[in-house]
Engineer: 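Below is the structure I would like to discuss, written out as structure tokens.
The basis for the numbers below is simple: all heavy atoms, side chains too, and nothing from hydrogens, waters or symmetry mates. This is a predicted model, so every value here is computed, not measured. Chain A is the first sequence line, chain B the second, and so forth, proteins listed ahead of strands; every chain is numbered from 1.
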Protein chains: 2
Amino acid sequence: MGLLQESTNEGQFYRDEHLSLDFHQQVVVLDHERMTLTRKEYDLLALLVGHAGEIIPREALLLRVWGYGAEIRTRTLDVHIRRLRKKLGTYADQYIETIFGIGYRFQPFHAPRFAQPALERPVLAISA
Amino acid sequence: MGLLQESTNEGQFYRDEHLSLDFHQQVVVLDHERMTLTRKEYDLLALLVGHAGEIIPREALLLRVWGYGAEIRTRTLDVHIRRLRKKLGTYADQYIETIFGIGYRFQPFHAPRFAQPALERPVLAISA
DNA sequence: CCTGCTTTTACAAAGTTTTTACATGTCCGC
DNA sequence: GCGGACATGTAAAAACTTTGTAAAAGCAGG
């Protein structure tokens, strides 16, 4: 799966109702306003958004954004998640889910969510 | 991750009228609604469903989900079974059978059932 | 040295699992 | 049937683990 720098991408984009991300230019726009992110903040967000809909384990985030191995104990990931959420404003919890005991997941704005009634198709149809 | 490694279930599914389980994605859906399970709850359910129709002894469950040996006395298995049943709602007792003195068994929704234990109870008394 | 970014620290809060204590149920011999 | 022994059911508390947060400390580039 994609490493941090999706290098040879002739300008890939993520876009939904409120958020857009230009992986090539490394520009993030939230509700038509540019988000100013630090490097680590951007790297973290880009990794999450680049795998929208997938759960990414803490381990993987720490490895790919920080280069940390499993032996390192740190809370810096949590702190960065917090800063991202702050900058995402109202949509924060809608976009960045905590998967307890595992990691985090970025969800596109309209994605069906966990405890919500019935939108999720049985996963069976996905295969093939 | 959990110490439960049902490696032979990679990318497989269970499905019946009401319940489906994706062993790879670790997603369980009950009547088109996603069941949110904790890790231990999922591990336990997955082990039972993965052996649908078979009786699994308490010992085996405690060993495979908890890593406990026979010397450990605990009620945590019962508590987790209870939580699973609660989340399975109406179908709880249909799905998870208690096999007294032995363990538990997950039965697919339409599985033919015998009058409870009926292991070998010769119905001799009927003779006239 | 400043300054802004990053990491650590130290708790707080939230979530999960196990234990406890007792109720209820089942088996089995009488 | 009856009662004892033991297994399972259940609710609630306790123990433990993970994540959230604010503030301070550390650090690197200018």
Side-chain angles (χ1 to χ4, degrees), chain A residues 4 26 35-45 47-48 55-88 92-93 95-105 114-115, chain B residues 1-4 26 35-45 47-48 55-89 92-93 95-105 114-122 125:
Chain A
L4 190 44
Q26 309 201 347
M35 268 176 90
T36 61
L37 299 173
T38 67
R39 170 116 315 269
K40 280 280 192 292
E41 284 166 4
Y42 173 80
D43 287 350
L44 178 56
L45 182 61
L47 181 48
L48 288 165
I55 296 172
I56 309 188
R58 296 179 66 93
E59 283 185 359
L61 295 168
L62 284 167
L63 179 63
R64 291 185 172 171
V65 177
W66 281 269
Y68 288 176
E71 72 287 359
I72 294 184
R73 187 189 71 85
T74 179
R75 319 273 304 107
T76 196
L77 168 57
D78 307 75
V79 173
H80 278 84
I81 288 284
R82 164 160 171 70
R83 297 215 189 97
L84 280 180
R85 282 178 167 153
K86 216 164 201 172
K87 293 187 178 180
L88 285 169
D93 296 321
Y95 277 128
I96 300 182
E97 277 182 87
T98 300
I99 311 298
F100 192 94
I102 302 178
Y104 295 93
R105 169 168 57 182
F114 263 31
Chain B
M1 297 299 247
L3 47 107
L4 177 62
Q26 310 200 347
M35 266 175 92
T36 62
L37 300 173
T38 67
R39 175 138 312 276
K40 281 277 192 294
E41 284 166 3
Y42 173 80
D43 287 350
L44 177 56
L45 181 62
L47 181 50
L48 288 165
I55 297 173
I56 309 188
R58 295 179 66 92
E59 281 187 0
L61 295 168
L62 283 167
L63 178 63
R64 300 200 60 187
V65 176
W66 281 269
Y68 288 176
E71 73 285 1
I72 294 184
R73 187 187 73 82
T74 179
R75 311 298 320 287
T76 196
L77 169 57
D78 306 77
V79 173
H80 277 84
I81 287 285
R82 163 157 174 71
R83 295 214 190 99
L84 280 180
R85 282 178 167 153
K86 215 164 201 171
K87 293 188 177 179
L88 285 170
D93 297 321
Y95 277 128
I96 299 182
E97 279 181 85
T98 301
I99 312 298
F100 189 92
I102 302 178
Y104 295 94
R105 171 168 56 182
F114 310 86
Q116 249 308 35
L119 288 181
E120 48 217 328
R121 182 180 296 170

Engineer: Among C:dT19, C:dT7, C:dT17, which nucleotide has an atom closest to any side-chain atom of A:H80?
Structural biologist: C:dT7
Engineer: In terms of side-chain heavy atoms of A:R75, which of C:dT9, D:dA7, D:dG9 is nearest?
Structural biologist: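 Shortest atom-to-atom distance from the side chain points to C:dT9.
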Engineer: Identify whether any heavy atom of A:T76 sits under 4.0 Å from a base atom; if not, whether one sits that close to sugar-phosphate; answer base, sugar-phosphate or nothing.
Structural biologist: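 Base contact.
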Engineer: What is the distance from CD of B:E41 to C1' of C:dT17, rounded to the nearest Å?
Structural biologist: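 Atom CD in B:E41 sits about 10 Å away from atom C1' in C:dT17.
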Engineer: Out of curiosity, A:W66 CH2 to A:T74 OG1, how far, rounded to the nearest 0.5 Å?
Structural biologist: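 Here the interatomic distance stands at 8.0 Å.
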Engineer: As a test of reading the structure: which of C:dT18, D:dG20, C:dT7 is closest to the side chain of A:Y104, going by heavy atoms?
Structural biologist: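 Between C:dT18, D:dG20, C:dT7, the one nearest the side chain of A:Y104 would be D:dG20.
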Engineer: Between D:dA7, D:dG9, C:dT18, spot the one nearest the side chain of B:Y68, thanks.
Structural biologist: C:dT18
Engineer: Establish whether the base of C:dT7 is bridged to the side chain of A:R83 by a donor-acceptor pair shorter than 3.5 Å.
Structural biologist: yes
Engineer: Without swapping roles, check the side chain of A:R105 against the backbone of A:I99 for a donor-acceptor pair under 3.5 Å.
Structural biologist: no
Engineer: Between A:T98 and D:dG20, does any side-chain N or O lie under 4.0 Å from OP1 or OP2?
Structural biologist: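 Yes, within the criterion.
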Engineer: Give a yes/no on whether any side-chain N or O of B:R73 is located under 4.0 angstrom from OP1 or OP2 of C:dT19.
Structural biologist: no
Engineer: Over how many whole Å does the gap from A:I72 atom CD1 to C:dT6 atom P extend?
Structural biologist: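 Between P of C:dT6 and CD1 of A:I72: 17 Å.
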Engineer: Going by salt bridge (charged side-chain N to carboxylate O under 4.0 Å, His left out), name the pairs with one or both residues in residues 72-81 of chain B, residues two or more places apart or in two chains.
Structural biologist: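 For residues 72-81 of chain B: B:R58-B:D78, B:R75-B:D78.
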Engineer: Taking the side chain of B:W66 as heavy atoms from C-beta outward, which of C:dT18, C:dT16, D:dT21 is closest to it?
Structural biologist: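 Minimum distance to the B:W66 side chain belongs to C:dT18.
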Engineer: What's the CD-C1' distance between A:E97 and C:dG15, to the nearest Å?
Structural biologist: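 To the nearest whole Å, that distance equals 16 Å.
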Engineer: In terms of heavy-atom contacts, does CD of A:Q26 have more than 12 from other residues, nucleotides or ligands at under 6.0 Å?
Structural biologist: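 For A:Q26, atom CD is crowded (more than 12 foreign heavy atoms under 6.0 Å).
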Engineer: Quickly work out the A:L84 CG to D:dT19 P distance and round it to whole Å.
Structural biologist: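 So the two atoms are 16 Å apart, to the nearest Å.
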Engineer: Quick one: is B:T38 getting a side-chain N or O under 4.0 Å of the C:dT17 phosphate, OP1 or OP2?
Structural biologist: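 B:T38 to C:dT17 OP1/OP2: side-chain N or O found under 4.0 Å.
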Engineer: What is the distance from CG of B:D78 to P of C:dT17, rounded to the nearest Å?
Structural biologist: 16 Å
Engineer: Has B:R58 got a side-chain N or O lying under 4.0 Å from the OP1 or OP2 atom of D:dT8?
Structural biologist: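 Result: yes.
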Engineer: Is the distance from OP1 or OP2 of C:dT8 to the nearest side-chain N or O of A:T74 less than 4.0 Å?
Structural biologist: yes
Engineer: When rounded to the nearest 0.5 angstrom, what is the spacing between CG in B:L77 and CG in B:L62?
Structural biologist: 5.0 Å
